[in-house]
Amino acid sequence: MSMDVTFLGTGSAYPSPCRGASAIVFRTEGECWLFDCGEGTQTQFMKSALKAGKITKIFITHLHGDHMFGLPGFLCTVSLQYGSKPTKQHVDIYGPVGLRNFIRMSLEVSHSQLVFPYTIYELLPSEDQCPAEEFKDFSKYSGDCCPSPPEEQIIYADPTDGTYCVLENKQFMVKAFKLYHRIPSFGFVITEKDRPGKLNISKLQELGKF
């Protein structure tokens, strides 16, 4: 299976003319995932051979602006590229609690509508992930455009090892783990599942190897 990783941006704080803010694309057969979406990410896509409309999953490590300020604009650009007709292309978005409110409020106040369905899954952080004075319980913030999420869209840490099982499919398992930063942050680990090999039994028998 072929895989590749494209660094669209590795800068911090803000993008520069020659270096984008944090954004990485993981691509493999049938999958295209975006990790972080700093300001200017959609411009970086246009400079690359990647297609923004191929992104099916987005992972946000933490809620500092240089890792997520580009997300509302990116989603709107992808929507515009699809055209005016609704599409079945579904996008799953993962990140710390508070991400849902940021996305929904950004779309609400800008009167933006997306033609594709999306689901936001939030990782519930703990107070030991940042200095005590910086921790905020965003799960208490809600409004008309940000109703409380269904329970299945909140991801809790595994009590045995403290990791978060973010997703699992036939090819991969993605887990998140806690990072200490000025605000709660997460790292993501992509593990490729073992795949049974294909052996030519007849050829092996001819060679006396079976």
For [X], which residues count as a side-chain contact (heavy atoms from CB on, under 4.5 Å) partner, sequence neighbours excluded?
| X | value |
| --- | --- |
| Lys57 | Glu31, Trp33, Phe59, Asp92, Tyr94, Leu167 |
| Tyr156 | Leu124, Glu151, Ile154 |
| Lys170 | none |
| Leu50 | Thr6, Leu8, Val25, Arg27, Phe45, Ser48 |

Quiz item: Quick one: salt bridge (charged side-chain N to carboxylate O under 4.0 Å, His left out) partners of Glu168, sequence neighbours excluded?
Solution: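 Glu168: salt bridge (charged side-chain N to carboxylate O under 4.0 Å, His left out) contacts with Lys193.
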Quiz item: So if you build clusters from Ile, Leu, Val, Met, Phe, Trp, Tyr with side-chain heavy-atom gaps below 4.5 Å, do Phe102 and Phe135 land together?
Solution: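 Hydrophobic grouping puts Phe102 apart from Phe135.
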Exercise. Find out if a path of hydrophobic residues (ILVMFWY) with successive side-chain heavy-atom gaps under 4.5 Å connects Phe177 to Leu99.
Key: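 No, separate clusters.
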Quick one: side chains of residues 68-83, donor-acceptor pairs under 3.5 Å with protein atoms, not counting sequence neighbours, listed by atom name and distance.
from	atom 1	to	atom 2	distance (Å)
Thr77	OG1	Gln42	OE1	2.2
Thr77	OG1	Gly73	O	3.0
Ser79	OG	Val115	N	2.9
Tyr82	OH	Gly53	O	2.9

With sequence neighbours left out, what residues match [X] under side-chain hydrogen bond (donor to acceptor under 3.5 Å, both in side chains)?
| X | value |
| --- | --- |
| Ser16 | none |
| Ser12 | none |
| Asn169 | none |
| Ser202 | none |

Quiz item: Is the Tyr164-Tyr121 ring centre distance short of 6.0 angstrom?
Solution: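 Ring centroids of Tyr164 and Tyr121 are no less than 6.0 Å from each other.
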Exercise. State which residues pass ring-ring contact (aromatic ring centres under 6.0 Å, His included) with His67; sequence neighbours excluded, sorted by chain then number.
Key: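 For His67 the ring-ring contact (aromatic ring centres under 6.0 Å, His included) partners, ignoring immediate neighbours, are His62.
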Quiz prompt | Check: His90/Thr56 side-chain N/O donor and acceptor closer than 3.5 Å | solution =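 No pair is found: no donor N or O on one side chain lies under 3.5 Å from an acceptor on the other.
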Self-check item: Pair Thr163, Asp158: side-chain N/O donor-acceptor within cut-off below 3.5 Å
Solution: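 Checked: Thr163/Asp158 side chains show no N/O donor-acceptor pair below 3.5 Å.
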Using distance only, find each side-chain donor-acceptor pair of residues 183-191 under 3.5 Å and give its atom names and separation, not counting sequence neighbours.
from	atom 1	to	atom 2	distance (Å)
Ser185	OG	Ile183	O	3.0

Quiz item: Can you find a heavy atom in the side chain of Pro96 that is under 4.5 Å from one in the side chain of Leu123?
Solution: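 Not touching, per the 4.5 Å side-chain cut-off.
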